2 protein chains.
Amino acid sequence: MDAVSAPASIEELLDRIMEVSDGLPKRLRQCADYVVANPDRIAVSTVAEMAEAAGVQPSAFMRFCQVLGFSGFSQMQRLFRDSYIPAWPDYSTRLEKLRQSGAGSPSALLAEFVEAGRLSLETLTRTIDPRTLDVAVKALSEASMVHIVGLRRAFSVASYLAYGFEKMNVPTMLHDHVGKLDSHHAIRAGDAVIAITFAPYSAETVALAEAGARAGASVVAITDSLASPLRPVTPLLLTVQEADFGDFRLLSATLSLAVALVVAVGTANRERQNGI
Amino acid sequence: MDAVSAPASIEELLDRIMEVSDGLPKRLRQCADYVVANPDRIAVSTVAEMAEAAGVQPSAFMRFCQVLGFSGFSQMQRLFRDSYIPAWPDYSTRLEKLRQSGAGSPSALLAEFVEAGRLSLETLTRTIDPRTLDVAVKALSEASMVHIVGLRRAFSVASYLAYGFEKMNVPTMLHDHVGKLDSHHAIRAGDAVIAITFAPYSAETVALAEAGARAGASVVAITDSLASPLRPVTPLLLTVQEADFGDFRLLSATLSLAVALVVAVGTANRERQNGI
DNA sequence: CTCGCTATGGAATATACTTTCCATAGCAGA
DNA sequence: TCTGCTATGGAAAGTATATTCCATAGCGAG
């Protein structure tokens with residue numbers, strides 16, 4: 001064992017972990033991964049707890065500490081205990097404090113948006129009709145290709161959906177209108193279109209959804225109200241109410257809906273393939 | 001001694017301390033005062049350390065714990081340690097189970113993701129250091145141009161930031177790598193770069209952040225752990241821990257952080273312009 | 001002033017944790 | 001296939017910590 005000195009700060013420690021982790025045996029690697037992912041637990045845990053959480057024996061965790069240059073777990077723990085930033089007065093109190101700490105300070109703003117995001121998520125489960133969601137998933141999973149369109153602030157959601165579907169091996173086309181290219185002739189019967197738009201609604205998105213409907217594709221709409229111009233286009237309307245802040249729509253709830261769509265469609269597809 | 005049950009939460013504990021502290025003898029009063037003033041030390045200290053810091057004997061501190069209804073110091077400490085660790089462990093395993101059980105109807109999935117999103121938001125307020133956030137906002141608002149880079153799943157966040165900054169009249173360039181075009185020479189001294197990447201980290205994003213740093217731009221990193229390759233590049237590291245589900249990173253918390261950045265920078269800019 | 005009660009400090013004990021050690025399993029090279 | 005090395009798990013030893021106990025100091029009441 002190379003007799004190196006113990007890291008003197010958490011930074012140094014992480015550097016050292018990065019440095020050695022490639023040449024580490026399996027169990028020690030598990031320790032490294034766990035520590036990097038959960039550095040906050042070290043200060044308040046025992047070796048036994050850390051080892052169990054990392055899926056190794058306490059002795060293995062000890063060896064890990066020693067490889068890093070510490071005399072043992074206790075020394076490593078001292079590092080974390082000294083630089084321990086308390087997380088509690090638990091959530092609500094902390095949020096309150098954050099908010100009060102200077103009305104317009106960035107962290108006060110963050111607190112606001114976090115709270116708004118939580119509210120949006122709460123309402124999401126209520127406003128989404130399970131049956132509509134089921135039908136939408138079915139339509140998407142049966143489509144030979146999924147077209148996705150969403151511009152301006154909805155573009156984040158569109159790009160995330162495109163990424164997710166691609167990862168799930170679902171044939172996907174993201175209509176990003178780069179170079180003002182409108183590729184609505186790419187949509188065919190048997191395809192599906194996901195159109196995302198919020199007030200003030202984007203004309204291009206609505207146009208593409210309409211073109212898709214005319215071409216015989218199923219259209220799934222993600223929008224913000226029943227007054228959306230997408231309502232005449234399709235019965236598959238997933239409405240998400242999110243807190244607005246001036247021009248800034250929080251997308252927490254919309255993104256969660258997007259992930260749910262992706263995973264649901266992906267697994268449905270897989271099951272269908274296995275079933276055949 | 002009145003045989004009351006132990007407080008079940010930190011709030012209850014503090015209530016109880018307030019309640020009894022008037023009728024407490026000198027040394028026990030010292031303990032009460034110290035605990036109320038430094039509750040954050042309890043989770044990471046031993047009785048001996050707490051006692052010394054409070055200026056009493058360990059046995060006195062023990063009596064104090066018992067007066068509050070605890071069996072001893074350990075039980076009281078567990079309260080603080082547990083409250084530090086969020087209900088966040090084995091979230092991915094939970095989702096994995098859900099997925100394997102096949103019972104994942106779309107709306108059940110949605111509920112899971114909503115819950116995961118809420119957790120992510122809660123931890124966000126803890127993992128973000130207000131000072132780092134302040135400095136990051138300052139750097140961004142002083143930049144003559146903000147460059148944004150984030151690829152793959154981080155692209156949603158990048159595009160949202162670009163949209164938001166543009167709306168806020170902040171000069172912005174989104175490095176989207178369309179056509180594999182790498183425009184890193186566009187970054188100059190006095191600019192700022194926001195680099196967003198999550199494990200497995202995208203080499204292009206890191207490269208652009210490095211190029212920015214070399215060019216003399218301030219770099220703000222949005223990433224998922226202290227082990228991120230962006231850590232050597234910049235001290236302005238905003239880490240967001242979010243529940244992963246296979247390849248699917250929920251972005252609720254990251255998006256909230258993005259909105260906070262946009263609004264904070266936007267208003268800072270506006271104030272500066274009015275001030276001049 | 002004395003008695004009796006409570007508070008206090010320190011030492012003794014018990015417990016829990018860390019750390020080490022050893023036997024064995026696994027693996028790579030001869 | 002055998003040999004030697006490394007990795008691993010489990011248990012034992014050591015250490016630190018929590019907890020209890022008791023002797024005594026302090027204090028108020030009679």
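Here is the naming used below: chain letters follow the sequence lines, and residue numbers restart at 1 for every chain. Keep in mind it's a predicted model, so treat the numbers as computed, not measured.
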Do [X] and [Y] come close enough that some side-chain heavy atom pair is under 4.5 Å?
| X | Y | answer |
| --- | --- | --- |
| Val44(A) | Phe80(A) | no |
| Leu28(B) | Val20(B) | no |
| Ile128(B) | Leu238(B) | yes |
| Val137(B) | Leu261(B) | yes |
| Leu121(A) | Leu121(B) | yes |

Which value, rounded to the nearest 0.5 Å, describes the distance between Arg29(B) atom CZ and Phe64(B) atom CZ? 11.0 Å

Atom [atom1] of [X] to atom [atom2] of [N]: distance rounded to whole Å?
| X | N | atom1 | atom2 | value |
| --- | --- | --- | --- | --- |
| Met50(A) | dT18(C) | CE | P | 11 Å |
| Met62(B) | dT13(C) | CE | P | 17 Å |
| Ile42(A) | dC17(C) | CD1 | P | 17 Å |
| Phe73(B) | dA16(C) | CZ | P | 15 Å |
| Arg27(B) | dG10(C) | CZ | P | 10 Å |

Base, sugar-phosphate or nothing for Ser74(A)? Non-hydrogen atoms, less than 4.0 Å. sugar-phosphate

Range on DNA chain D touched by chain A - first to last nucleotide, heavy-atom distance under 4.0 Å: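 So the outermost contacting nucleotides come out as dA7(D) to dG10(D).
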
Using the closest heavy atom to pick a nucleotide of DNA chain C for each, name whichever of Ser71(A) or Glu49(A) lands nearer the 5' end.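 Final value for this comparison: Glu49(A).
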
